[in-house]
Structures are given as structure tokens and as C-alpha cells.
Q: 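Please find one structure pasted underneath; my questions will follow.
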Protein chains: 2
Amino acid sequence: MVRKSKEDAELTRKRIITAAREVFLSRGVSRTTLEHIATQANVTRGAIYWHFKNKTEIFHAIREQVLLPLIDRMDDSLTLDGNDDPLTQIKKSLCQTIDDLNDNIEMRETYEIIMIKCEYVEDFSEVLQQILENCSSILDKLVLGYQRAQAQNLLACTLSPLALAQDTHLFFSGLLHMWVKDADGSRFRNQAKSLIESHINLRRKH
Amino acid sequence: MVRKSKEDAELTRKRIITAAREVFLSRGVSRTTLEHIATQANVTRGAIYWHFKNKTEIFHAIREQVLLPLIDRMDDSLTLDGNDDPLTQIKKSLCQTIDDLNDNIEMRETYEIIMIKCEYVEDFSEVLQQILENCSSILDKLVLGYQRAQAQNLLACTLSPLALAQDTHLFFSGLLHMWVKDADGSRFRNQAKSLIESHINLRRKH
DNA sequence: ATATATACATACATTCTTGTTTGTATATAA
DNA sequence: TTATATACAAACAAGAATGTATGTATATAT
């Protein structure tokens, strides 16, 4: 078999991306060969070079596949849900991400690759900047949430919404990193929800 | 020149470690060749193979060089300083680590390598376990601190010392990761101290 | 004083990887 | 219906990178 229809081609492209994600996960990005990916995808390197310029481009494709839907959801997450109070909204938003990590294999594997199976050098160092930018936008959303919480007099403390948002953001960054590293789940994955609960309770007036 | 005295040999060993740290930092661990390290250290690969079994062993040597003194200090940090109250002790302990990162080049570079220039696969996956164990011991120290804070009625909230310690631990993990990623310093490095300050103030009764 | 182990440098063989080139069957456009 | 671009497979060439084997000058022990 050689020339496929356009749909077939798109399918092979996705198979390559999936295969790359699997191999990146088990061997790390740097140690992964295009031959490894090709074998896993049941194609030859020829197919890979047809669809992608090089390994870095595959990595970006994997990121986009997970990141784009995520960004879409983030916007909803803190603006919708008019029934919940702002602090509950923040809590649910964080918990939702944990649920996604548990349920969505692609997302979980991609996060794992990004956090502990990739070296941020050369082509990849720009990804760090993108990550920091994503963090900024998450921080903005949190600030909005805490501003509304303050306006509704829900807060137990006098810290500024920005300070609270930064603290929450760092907490959640740490949680995600630990979630990923805690492969057997005993230390963080199983308790993630209750850790979030405590974090929010800490700032809610009782 | 060939056979050196024992002191000379130990010096070359250290030169290799330093060179490896520098090259790991700029090229990432996986993409670093023993030849790269050798060139940077002004030796040949022969010298490296004499002192180390392989690249992984050099990586471990770099980690130990920074980690061993760090563990020693951690024990002091929360037990000494009898004049400060427990919450201030925790705060100072966290700030001390930030100061160390700023002042100690070896430590800073090593952290950066461990967090964003290394892929945790094969030989390196066991390092993840070690990291999680270190986290456990840090958590234990924080729990002790918050227990004393609770005993002295310093806490603004009803959360358990364990929950507070977990929250602080995740906050600080996140902070360290962001500190490392924020190379230009604008987003996290410059504010690290005040972020810690806010985090502690959040739980102090006023 | 001499033997031996040490601390490397140098050379070699083998095994990946990569990028490119070439070949080719077929979808698709004209 | 035929020409052309597509979607790959297969072969090729060149350069790394690794581990090992060998050589060797000299501390150091005896």
C-alpha cells in the first residue's frame, strides 16, 4: 500500500502523534528515535518525515492536541456556573483539572512528558516561555475569582486577591508536579481533591 | 602528563563533575556526550571512564554534591532558632532555601538540571522516588512546625497541622519550579520572598 | 630500587541516528 | 483519461556516541 486518501493520511498523522506520545512517555523525548516512533505507529520513517519536519514538531503537535481544548475549557470554567460562589468556582475548576488528568489518557501522558520526560534546551527552551504565559493567564483567572470572593465578603483574610491568586497558583503548580511524579498514587493522586479542599477552606470565612 | 597524585586525581574528579554540571545545564542531560564533558573539563573520555562508570553516575555525583549539605542544613533549620515563633521559623526556613538558590551557583544549576534538563526514564526514574522521599521528610518537618504553632495558638484557621504542612509543601514545590523556569526573574524570582511572606501570613492569627 | 597499581590518553570497533534521496502506487484534478 | 501531486516505503551516506582495549608515565608501596 502506498498513496492513501486524504482521510487516511490524516489518520496516519494521528497514529504517529499517538505513537510518539507513547514512546516519549516510556523512553523520554531525547532518547526517542524517529525509528522508535515509526515502529510503534506501524509506519516507516518516510511517513514521519512526510508529515513532520522533525521530532520537535511532533512534540509541539502533541502539546497542541491537549493544550488547545484545555484553553477553551479554562475560559468557561471560571465564568460559567453562576450558582456557585466564587471560592467554590475556583475549587471546582481546580478539581476539574484533576478529574481530567484521571480520565483523559492523552492529557495525563502529555503532562507527564512535559513535566518529567523532556529536557528544555535548544528547540524546547521556548516551550518554557509558553508555559509561563499559560501560567499568567491562569493567574489572571484566579485573580478575578478572588476579587469576586472579596466583593462578596467570603474571605477570611486580608490578603489581596492577587496575593491569594499567586498562592493558589503556586499551590496548584506544586500539586500538578507531585501528581505526575506520584505514579503509584499513594502520596498525592489519591488525596488531590482533599488537598484542594483544604487549600480553599483556608481562605474561606466561617 | 599521565599518572597524578591522589590529590590531583580527586581534583580531576571534581573538575569532571563541575564540567558535567555546566554542560548538562546548557545541553540537557540526554544530549550531553561524554566527549562534551571531557572537553569542558580539559580531559579525555579516558579520565571520565576512570572516575565514573557512565553518565548516570556523574549525574548522581552532581546531585549528592548539592543534596548532602542540604539535608544537613534542613535538620538545623527548623529545630534551631529558639527565639522565633514556629511560623516565623517556617518562613525563614523557606526563605533560606531561596537565598541559597540565589547565592550558591552549584545548587542553582543542579536544581535547574534536575527540574528542567533531565528526563526521568530508565536509570533516572529511581531519582523520582528519591525526590518523593525528600519531600516526605520536608513535610514531616513542616508538620512539626505547624504543631508547635497550633500549640502556641498562633494559627488563624482550624485546619490540621498536617493539612497546613501539605499546603505549604505544595506551595513551595510550585514556587521552586517556577523559580527555576523564570530565568529572567521578572515573574517569580524577584518576588519569591514576598510570596512566602503572604503564604505564612495567610495562616497567622492577627 | 624495583614492582605494581594508578591515572589517565589514544586508538578502535560497533552500533545507533539522522537527513536525504530515490522509487512507486494511487488518489485526484483537469 | 491522462498527468500530476500525494503519501508514503526503502535504500543510502555520513556522522555521532559508546564502550572497550591498549599504551604509558609515574606515584607509591615494599
Side-chain angles (χ1 to χ4, degrees), chain A residues 1-62 113 117-119 121-124, chain B residues 1-62 113 117-119 121-124:
Chain A
M1 60 324 222
V2 251
R3 160 86 148 125
K4 315 280 186 59
S5 72
K6 271 194 174 175
E7 295 94 35
D8 286 343
E10 182 58 23
L11 209 143
T12 15
R13 193 188 123 94
K14 282 180 181 164
R15 288 235 314 285
I16 292 172
I17 291 179
T18 299
R21 179 158 21 81
E22 291 164 356
V23 185
F24 283 169
L25 190 68
S26 64
R27 314 185 69 116
V29 175
S30 292
R31 297 173 187 224
T32 292
T33 300
L34 291 188
E35 184 62 40
H36 293 148
I37 299 174
T39 304
Q40 180 80 3
N42 273 323
V43 295
T44 62
R45 286 189 306 123
I48 296 182
Y49 276 110
W50 173 256
H51 285 283
F52 303 94
K53 188 184 163 199
N54 52 30
K55 203 166 66 176
T56 308
E57 231 183 48
I58 306 179
F59 177 82
H60 285 302
I62 292 177
I113 292 167
K117 314 274 181 162
C118 177
E119 297 172 3
V121 289
E122 299 173 31
D123 314 351
F124 292 91
Chain B
M1 56 332 219
V2 252
R3 159 86 150 128
K4 315 281 186 58
S5 71
K6 271 194 174 176
E7 295 93 35
D8 287 341
E10 182 56 24
L11 210 143
T12 8
R13 193 188 123 93
K14 282 180 180 163
R15 288 235 314 287
I16 292 172
I17 291 179
T18 298
R21 180 158 20 80
E22 291 164 357
V23 186
F24 283 168
L25 190 68
S26 64
R27 313 184 72 116
V29 175
S30 292
R31 297 174 188 222
T32 293
T33 301
L34 291 188
E35 184 62 40
H36 293 149
I37 299 174
T39 303
Q40 179 81 3
N42 273 325
V43 294
T44 62
R45 288 191 303 124
I48 296 182
Y49 276 110
W50 173 255
H51 285 284
F52 302 95
K53 188 184 162 197
N54 52 30
K55 204 166 66 176
T56 308
E57 232 183 46
I58 305 180
F59 178 82
H60 286 302
I62 292 177
I113 292 168
K117 314 275 181 159
C118 177
E119 297 173 4
V121 289
E122 299 173 32
D123 313 351
F124 292 90

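So you know, we letter chains A, B, ... as the sequences are listed, proteins then strands, and number each from 1. All values below were derived from every heavy atom in this structure, side-chain atoms included, with hydrogens, water molecules and symmetry-related copies excluded. Because the structure is a prediction, the values reported are computed rather than measured.
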Q: Check nucleotides 11-17 of chain D for protein N or O atoms closer than 3.5 Å to its own N or O atoms and list the pairs.
A:
residue	atom	partner	partner atom	Å
D:dA17	O5'	B:Thr33	OG1	3.3

Q: May I have the distance from A:Arg13 (atom CZ) to D:dT6 (atom C1'), rounded to whole angstrom?
A: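 Distance check: A:Arg13 CZ to D:dT6 C1' gives 16 Å.
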
Q: State which residues pass ring pair (Phe, Tyr, Trp, His ring centres under 6.0 Å) with B:Phe59; sequence neighbours excluded, sorted by chain then number.
A: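 Listed in chain order: B:Phe124.
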
Q: Enumerate the salt bridge (Lys or Arg N to Asp or Glu O under 4.0 Å) contacts for residues 23-32 of chain A, please, sequence neighbours excluded, ordered by first and then second residue.
A: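 Listed once each, the pairs are A:Arg31-B:Glu122.
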
Q: Quick one: list whatever passes side-chain hydrogen bond (donor to acceptor under 3.5 Å, both in side chains) with A:Ser30, sequence neighbours left out.
A: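 A:Ser30: side-chain hydrogen bond (donor to acceptor under 3.5 Å, both in side chains) contacts with B:Glu119.
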
Q: Sub-3.5 Å donor-acceptor pair from the side chain of B:Asp8 to the main-chain atoms of B:Leu11, do we have one?
A: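 It does not hold such a pair.
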
Q: Rounded to the nearest angstrom, tell me the gap between atom NZ in B:Lys6 and atom C1' in C:dC8.
A: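 Between C1' of C:dC8 and NZ of B:Lys6: 16 Å.
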
Q: Expressed in angstrom and rounded to an integer, what is the separation of A:Arg15 atom CZ from D:dA7 atom C1'?
A: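 Checked: the CZ to C1' distance equals 13 Å.
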
Q: Of all of residues 47-56 of chain B, which get a heavy atom below 4.0 angstrom from DNA chain C, listed by number?
A: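 When residues 47-56 of chain B is checked for heavy atoms under 4.0 Å from DNA chain C, the hits, listed by number, are B:Ala47, B:Trp50, B:His51.
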
Q: For B:Asn42, enumerate each residue passing the side chain to side chain contact (heavy atoms under 4.5 Å, CB included) test, keeping only those at least two apart in sequence or located in another chain.
A: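 Residues passing side chain to side chain contact (heavy atoms under 4.5 Å, CB included) with B:Asn42: B:Arg15.
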
Q: Which residue pairs pass the salt bridge (Lys or Arg N to Asp or Glu O under 4.0 Å) test with at least one member in residues 41-51 of chain B, sequence neighbours excluded?
A: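 Residue pairs passing salt bridge (Lys or Arg N to Asp or Glu O under 4.0 Å), neighbours aside: B:Glu35-B:Arg45.
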
Q: Could you list the residues that satisfy side-chain hydrogen bond (donor to acceptor under 3.5 Å, both in side chains) with A:Thr44, not counting sequence neighbours?
A: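 If we apply the side-chain hydrogen bond (donor to acceptor under 3.5 Å, both in side chains) test to A:Thr44, skipping adjacent residues, there are no hits.
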
Q: What residues form a ring pair (Phe, Tyr, Trp, His ring centres under 6.0 Å) with B:Phe52, not counting sequence neighbours?
A: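 With sequence neighbours excluded, B:Phe52 shows a ring pair (Phe, Tyr, Trp, His ring centres under 6.0 Å) to no residue whatsoever.
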
Q: Distance check needed: C:dA27 P versus A:Asp8 CG, whole Å only.
A: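 Checked: the CG to P distance equals 9 Å.
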
